Structures are given as C-alpha cells and as structure tokens.
Amino acid sequence: MDHTYRFVTEKELNAEESSIYGEQVEQFNVWPAYILAGQVNQEYWEVIYDIFSEYQFFMLEGDIVIGNGNCIPLHLTKKELSDLPDGGWDWALEKAVKDYEKGLVPNTLCALQIGLNKA
C-alpha cells in the first residue's frame, strides 16, 4: 500500500484546515488535565498558533493528522542559557510570548511537544 505523507505548518493552512486539523489533534492529546488547566497554558497556548504559526506543524496522510508538533522561539541571554530556570514549560511558553511582544530576536527554539495519532 502506497502512503502519501505531507508536512504542513499552521502558517500554510486556511481557517477551515486549521480547525479540522486542530480538532483531530485534540483527539490524541496526551497531556494530563492539570497541564491543560494551568494558568500559563490557558493564557498562551492558542496565542502560539497565531504569532508562531510557522513552528506549529502537522504530519498528514491524506487529510488525516498522524502527528503534530509545537515549538516556540525564545531569546535566551548568556545567563539563561548557562543556567536554565526551573520553570520548565510554563517559563518557556510565557517567555516566548513576552520576547515576541518586546520585539526580541529569537536565538533558541524550544520544542514543547510531539504527538502521534495511534489510531
């Protein structure tokens, strides 16, 4: 059986595709409720699909999402790079958005997740 795969970023999608693919990804979400309900996630998750759309991606087989990934660009100072803060996901997600708002040029890419559709 021949499979045709396609890799696309959120930036390449129209509104309908974005909605359809987003709904599919929600079906194979692996994050525990406490992560999804966190204040930082609630405030910034949807924002990254707008301001960092080129770093939100989907692997498709036809029109079926078989995998997805989310990354965010950050600007790390030498001090931050040599001694990363303990805030993890929350720190990185908030910092990426704040760096963007300040107009800082990113020098690091942070991978937040890779998800696979097991269906």
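Remember, it's a predicted structure, so these values are computed and weren't measured experimentally.
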- Would you say the side chain of L84 lies within less than 4.5 Å of the side chain of L76, judging by non-hydrogen atoms?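 Side chain of L76 against side chain of L84, heavy atoms only: contact under 4.5 Å found.
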- Item | Any E10 side-chain heavy atom under 4.5 Å of F58 side chain |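 In short, these two side chains touch, coming nearer than 4.5 Å.
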- Task: Might you work through the side chain to side chain contact (heavy atoms under 4.5 Å, CB included) test for N68 and Y21, ending with a clear yes or no?
- Result: CA-CA 9 Å; N68 79 299; Y21 299 157; over 6 Å; no
Given the rule that I, L, V, M, F, W and Y join up when any side-chain heavy atoms are under 4.5 Å apart, are [X] and [Y] in one cluster?
{"X": "V25", "Y": "I114", "result": "no"}
{"X": "Y5", "Y": "F7", "result": "yes"}
{"X": "I20", "Y": "L13", "result": "yes"}
{"X": "F52", "Y": "F57", "result": "no"}
{"X": "Y100", "Y": "Y49", "result": "yes"}

Would the number of heavy atoms belonging to other residues, nucleotides or ligands and lying under 6.0 Å from [atom1] of [X] be above 12?
{"X": "E16", "atom1": "CD", "value": "no"}
{"X": "F28", "atom1": "CZ", "value": "yes"}
{"X": "N14", "atom1": "CG", "value": "yes"}

How long is the gap from [atom1] on [X] to [atom2] on [Y], to the nearest 0.5 Å?
{"X": "D99", "Y": "E94", "atom1": "CG", "atom2": "CD", "result": "10.5 Å"}
{"X": "Y55", "Y": "C110", "atom1": "OH", "atom2": "SG", "result": "12.5 Å"}
{"X": "N107", "Y": "H75", "atom1": "CG", "atom2": "NE2", "result": "5.0 Å"}
{"X": "N41", "Y": "E46", "atom1": "CG", "atom2": "CD", "result": "8.5 Å"}
{"X": "L109", "Y": "I72", "atom1": "CG", "atom2": "CD1", "result": "8.5 Å"}
{"X": "L116", "Y": "M59", "atom1": "CG", "atom2": "CE", "result": "10.0 Å"}

Quick one: does [X]'s side chain have a donor or acceptor within less than 3.5 Å of a partner on [Y]'s backbone?
{"X": "E12", "Y": "T9", "result": "yes"}
{"X": "N117", "Y": "V65", "result": "yes"}
{"X": "Q24", "Y": "D63", "result": "yes"}

- Return the set of residues passing ring-ring contact (aromatic ring centres under 6.0 Å, His included) with W91 (not counting sequence neighbours), or none when no residue passes.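 Per chain and number, W91 pairs via ring-ring contact (aromatic ring centres under 6.0 Å, His included) with no residue.
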- Message: Suppose we screen for ring-ring contact (aromatic ring centres under 6.0 Å, His included). Which residues come up paired with Y34, at least two apart in sequence or across chains?
- Response: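 Partners of Y34 by the ring-ring contact (aromatic ring centres under 6.0 Å, His included) criterion come out as none, since no residue qualifies.
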- Message: Looking at every non-hydrogen atom in both residues, tell me the closest pair between A111 and C71 and how far apart they are.
- Response: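 The answer is CA-SG, 3.9 Å.
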- Taking all heavy atoms of E43 and all of V47, pick out the closest pair and write down the distance.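 Looks like O-CG2, 3.7 Å.
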- Task: State whether a side-chain donor-acceptor pair under 3.5 Å links S53 with Q56.
- Result: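 No - no donor-acceptor pair under 3.5 Å links their side chains.
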